[in-house]
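Shown next, in structure tokens, is the structure this report addresses.
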Amino acid sequence: MTRISIDPVTRIEGHLRIDAVVDGGAVSKAWASCTMWRGIETILRGRDPREAWVFAQRFCGVCTTVHAIASVRAVEDALGMEVPLNAQLIRNIVLIAHALHDHIVHFYHLSALDWLDVAAIPRANPARAAAIAASLSDWTGNSPEAMKKTQDKVVALLQSTQLGIFANGYWGHPAMKLPPEVNLLALTHYFQALEFQRKANQIVAILGGKTPHIQNLAVGGVMNAINFDSLATLNLDRLYMIKSLFDEIVPFVHQVYFPDACAIAGFYPEWFGIGAGVRDYLAVPDLPLDGRGTEFDLPGGWIFGGDLGRVPRVTGSRDETFRTSVVEDVTHAWYKGRGPQRPWQGETEPQYTDFQDDGKYTWVKAPRFQGKPMQVGPLANVLVGYGQRHALTRKWTDEALTRVSKTAGRPIGVDRMQSTMGRYVARAIRSAMLAELAVKHWERLVDNITKGDVATFNKPSFPPTAIEGVGLHEAPRGTLSHWVVVKNGVLSNYQAVVPTTWNASPRDERDVPGPYEAALVGTPVADPEHPLEVLRTVHSFDPCMACACHTLDPSGQTIAVVKVL
């Protein structure tokens, strides 16, 4: 029996520590510990709810856009507001572009190095690598010359012994099993992906004013004025600039990212039997098609026990089951209090101890839905859509599983997606869906404007009574909800239940582990000194621990005072 600690886990956003007991070549128990405190909820108390989104998007330096949208939606929900259709569509385009950027970065730049062996690339045949790539898609960047350029770059790095971003990898690990040519084509696309994730972010910046931390949102709509005759507004030039960028990004997602994810999954079919963990899933509907948010392009719902035959729907932010089913538990988190609390009554008062195996060991709370830990993220999104027979989800899921099964040489069904590898494939499926929807929402925005509708904002009005609201978004990492209580026109409470809070959840008061901890149990570990397999499962969730980290002195002394607005 061996106890291993990975601290920090790299190639994620923020700081995460994983402790695991390895017994008989597999993980028997695990702890997930976030080593940062998020305190923006405290900063927001007493503030004008119309400005909350500006602060809330600082929960994270990567997931900025998603927190901004969840924040304005929470206040709009409390007010029962309708927003103009143009505003919904502009928001949707920003969210789609942000998600495509996020998913491309996760697959290639944050997790691909867990599966491909850079040190094997000098042995690859570039012509053969190009032929394999050509069998997967018609992507124009699959030439032998492109493969040879990547190989030469890697050889030069290896000869220099200064590997830069490829230093400290588990190269040659026995769990690495891709053929040299597949390693080469994957790394070639790794470098190409740098350009396309940047193009997706350009769209966010065009509409958002900047990125990260967009500037165009408002409670009641967006601040994008529409006037085809003005150079200073959202005009035809800007709209067609966005379209031209999507015209480049969408083929990359469909012809490179999606086939790569399916191919790599097919070379590792055993990982469809590893890392399932929690088989309860939660997703919320998104990409609203109307001003009140009652119709959506992406469905929401929940699954208990992995049963795709029964998938109740989450209908939106007013869904009473969702609003009454979410609680947070702090039994094993470094906060005051015990037992579950609904977010509207939740507190975020730090109470730091040291790392205690059977006590408090993380800054992450333990969210529960109807008393259960829920796995959120693209896998939940895809399984919910598949179980509800959502046409677009089924189209891309069936295509993905056909590709995976062909490479694996064995049938891989949708039930096998409840696994470490299933999370990677699900993220590619969701990206393919979003890429297809990007064009639809752009066309709908242009059509609506050309009909003469240029409205983008409805002015909010706050009652003197206390009101509560929840803002939902199916973010790249999963279900995100911001919960607000407004009294006398100011925020009296603000709580954010973020995707990584669900997935990185510690044990609750009943000692039930969260998704990271449950998924790691049973994960094989060939070499405890080089726990690559543990990283594969953790990275499959795409951890985002940051959510506005703050420095804490355990003695309680003030370290710094920062004046904000």
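Quick note: numbers below take in every heavy atom, side chains included, and nothing from hydrogens, waters or symmetry partners.
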(request) Could you check if a side-chain atom of His189 sits within less than 4.5 angstrom of a side-chain atom of Phe107, using non-hydrogen atoms only? (result) no

(message) Measuring only between side-chain heavy atoms, which start at C-beta, is Asp290 closer than 4.5 Å to Gln88?
(response) no

(request) Could you tell me whether a side-chain N or O of His67 sits under 3.5 Å from a main-chain N or O of Leu480, the two making a donor and an acceptor? (result) no

(message) Tell me whether the rings of Phe258 and Trp396 are parallel (<30°), tilted (30 to 60°) or perpendicular (>60°).
(response) perpendicular

(request) Quick one: list whatever passes ring-ring contact (aromatic ring centres under 6.0 Å, His included) with Tyr281, sequence neighbours left out. (result) none

(request) Answer yes or no for Arg427 and Tyr257: cation-pi contact, defined as NZ/CZ to six-membered ring centre under 6.0 Å and angle to ring axis within 45°. (result) no

(message) I need the minimum non-hydrogen distance between Ala261 and Ala428, along with the two atoms involved.
(response) CB-CB, 3.6 Å

(request) Start with the C-alpha gap between Asp297 and Lys440, add the side-chain angles, then the distance that decides, and say whether salt bridge (Lys or Arg N to Asp or Glu O under 4.0 Å) holds. (result) CA-CA 10 Å; Asp297 252 336; Lys440 172 184 174 180; 2.8 Å; yes

(message) Has Thr211 got a side-chain atom pairing as donor or acceptor with Ile214's backbone, closer than 3.5 angstrom?
(response) no

(message) Run Phe166 and Tyr190 through ring-ring contact (aromatic ring centres under 6.0 Å, His included) and show every step you take.
(response) CA-CA 12 Å; Phe166 301 128; Tyr190 173 109; 5.8 Å; yes

(request) For the pair Trp502 (side chain) and Gly514 (backbone), establish whether a donor and an acceptor sit closer than 3.5 Å, ignoring hydrogens and angles. (result) no

(message) Give me the atom names and distance for the closest heavy-atom approach of His103 to Pro476.
(response) CE1-O, 3.3 Å

(message) Using the rule given for side chain to side chain donor-acceptor pair (under 3.5 Å), can you reason through Thr537 versus Thr420, listing the C-alpha separation, both sets of side-chain angles and the distance that settles it, and then say yes or no?
(response) CA-CA 5 Å; Thr537 292; Thr420 292; 2.8 Å; yes

(message) Apply salt bridge (Lys or Arg N to Asp or Glu O under 4.0 Å) to residues Arg11 and Asp114 and explain how you reach the verdict.
(response) CA-CA 10 Å; Arg11 284 187 275 119; Asp114 292 342; 2.9 Å; yes

(request) Answer yes when Lys395 and Glu436 have at least one side-chain N-carboxylate O distance shorter than 4.0 Å, and no when they do not. (result) yes

(request) For the pair Phe196 and Trp139, evaluate ring-ring contact (aromatic ring centres under 6.0 Å, His included) and give the outcome as yes or no after the intermediate values. (result) CA-CA 14 Å; Phe196 290 93; Trp139 179 244; 5.6 Å; yes

(message) Could you check whether atom CZ of Arg310 has more than 12 heavy atoms from other residues, nucleotides or ligands sitting under 6.0 Å from it?
(response) no

(request) Assess whether side chain to side chain donor-acceptor pair (under 3.5 Å) is satisfied between Glu474 and Thr479, documenting all intermediate values. (result) CA-CA 5 Å; Glu474 188 66 11; Thr479 297; 3.1 Å; yes

(message) Using only atom types and a distance under 3.5 Å, with no angle test, would you say the side chain of Arg403 pairs donor to acceptor with the backbone of Cys262?
(response) no

(request) Would you confirm whether the ring centroid of Tyr268 sits within less than 6.0 angstrom of the ring centroid of Trp115? (result) yes

(request) If the plane angle is over 60° it's perpendicular, under 30° parallel, otherwise tilted; pick one for Phe369 and Phe322. (result) tilted

(request) Examine distances only and state if a side-chain atom of Asp102 and a backbone atom of Cys63 form a donor-acceptor pair shorter than 3.5 Å. (result) no

(message) On a heavy-atom basis, which atom in Trp171 and which in Leu113 lie closest, and how many Å separate them?
(response) CZ3-O, 3.8 Å

(request) Please check if any side-chain donor atom of Asp117 sits under 3.5 Å from a side-chain acceptor atom of Asn183, or the reverse. (result) no

(message) Any carboxylate oxygen within less than 4.0 angstrom of a Lys/Arg side-chain nitrogen, looking at Lys148 and Glu145?
(response) no

(message) Could you tell me if Arg423 sits above the aromatic ring of Phe541, with its cationic atom closer than 6.0 Å to the ring centre and no more than 45 degrees from the axis?
(response) yes

(request) Report yes or no: does Tyr516 contribute a side-chain atom to a donor-acceptor pair with the main-chain N or O of Ser505 at less than 3.5 Å? (result) no

(request) Find out whether Leu445 and Leu239 are in side-chain contact, i.e. whether some heavy atom of one side chain is under 4.5 Å from a heavy atom of the other. (result) yes

(message) Rounded at 0.5 Å granularity, tell me how far NE2 in His530 sits from NE2 in His173.
(response) 7.5 Å

(request) Check side chain to side chain donor-acceptor pair (under 3.5 Å) between Gln255 and all other residues, then give those that pass, not counting sequence neighbours. (result) none

(message) Can you confirm whether Lys210 is buried at NZ, in the sense that more than 12 heavy atoms of other residues, nucleotides or ligands lie under 6.0 Å from that atom?
(response) yes

(request) Give a yes or no answer on whether the side chain of Asn503 reaches the backbone of Val376 with a donor-acceptor pair at less than 3.5 Å. (result) yes

(message) Do His213 and Gln57 have side chains that approach each other closer than 4.5 Å (heavy atoms only, starting at C-beta)?
(response) yes

(request) Would you mind reporting whether Leu16 and Asp7 have side-chain heavy atoms less than 4.5 Å apart? (result) no

(request) Could you walk me through whether Asp527 and Tyr170 pass the side chain to side chain donor-acceptor pair (under 3.5 Å) test, one step at a time? (result) CA-CA 11 Å; Asp527 180 2; Tyr170 292 144; over 6 Å; no

(message) Would Lys177 pass as a cation-pi partner of Phe267, given that its NZ or CZ must be under 6.0 Å from the six-membered ring centre and within 45 degrees of the axis?
(response) no

(request) Please determine if Asp286 and Arg73 form a salt bridge, counting it only when a charged side-chain N lies under 4.0 Å from a carboxylate O. (result) yes

(request) Under the side chain to side chain contact (heavy atoms under 4.5 Å, CB included) rule, what do Val250 and Val253 come out as? Steps first, then yes or no, please. (result) CA-CA 5 Å; Val250 170; Val253 171; 5.8 Å; no

(message) To check you understand the geometry: which heavy-atom pair defines the closest contact between Gly387 and Val311, and what is its length?
(response) CA-CG2, 3.8 Å

(message) As an exercise, state the distance from CG of Leu289 to CG of Leu89, rounded to the nearest 0.5 Å.
(response) 7.5 Å

(message) Check this for me, if you would: do Arg477 and Asp542 make a salt bridge, where the nitrogen-to-carboxylate-oxygen distance has to be below 4.0 angstrom?
(response) yes

(request) Could you walk me through whether Asn235 and Arg238 pass side chain to side chain contact (heavy atoms under 4.5 Å, CB included), step by step? (result) CA-CA 5 Å; Asn235 53 32; Arg238 284 184 172 85; 3.5 Å; yes

(message) Is there a side-chain contact between Pro299 and Pro285 in this structure, where contact means two heavy atoms from C-beta onward sitting under 4.5 Å apart?
(response) no

(request) Measure from NZ or CZ of Arg394 to the centre of the six-membered ring of Tyr386, then state whether that distance is under 6.0 Å and the direction lies within 45° of the axis. (result) yes

(request) Only one of Leu184, Asn125, Asn142, Leu185 passes side chain to side chain contact (heavy atoms under 4.5 Å, CB included) with Ile132; say which it is. (result) Leu185

(message) Tell me whether Arg279 is salt-bridged to Asp307, with the criterion being a basic N under 4.0 Å from an acidic carboxylate O.
(response) no

(request) Check whether any side-chain heavy atom of Asn92 sits under 4.5 Å from a side-chain heavy atom of Pro288, and report yes or no. (result) yes

(message) Give me the atom names and distance for the closest heavy-atom approach of Leu207 to Ile93.
(response) CD1-CG2, 3.7 Å

(request) Flag the pair Leu383 / Val414 as yes when at least one side-chain heavy-atom distance between them is below 4.5 Å, and no otherwise. (result) yes

(request) Considering non-hydrogen atoms only, spot the tightest contact between Leu520 and Val27 and give its length. (result) O-CB, 3.1 Å

(message) Within the supplied structure, the quantity of interest is the number of heavy atoms (other residues, nucleotides, ligands) at a distance under 6.0 Å from Lys406 NZ; does it exceed 12?
(response) no

(message) So does Ile121 get a backbone contact from the side chain of Gln151, meaning a donor-acceptor N/O pair under 3.5 Å?
(response) yes

(message) Using modelled atom types and a 3.5 Å cut-off, is there a donor and acceptor pairing between side-chain atoms of Glu195 and backbone atoms of Gln192?
(response) no

(request) Look at the side chain of His254 and the backbone N and O of Ala432, then say whether any donor-acceptor pair between them is shorter than 3.5 Å. (result) yes

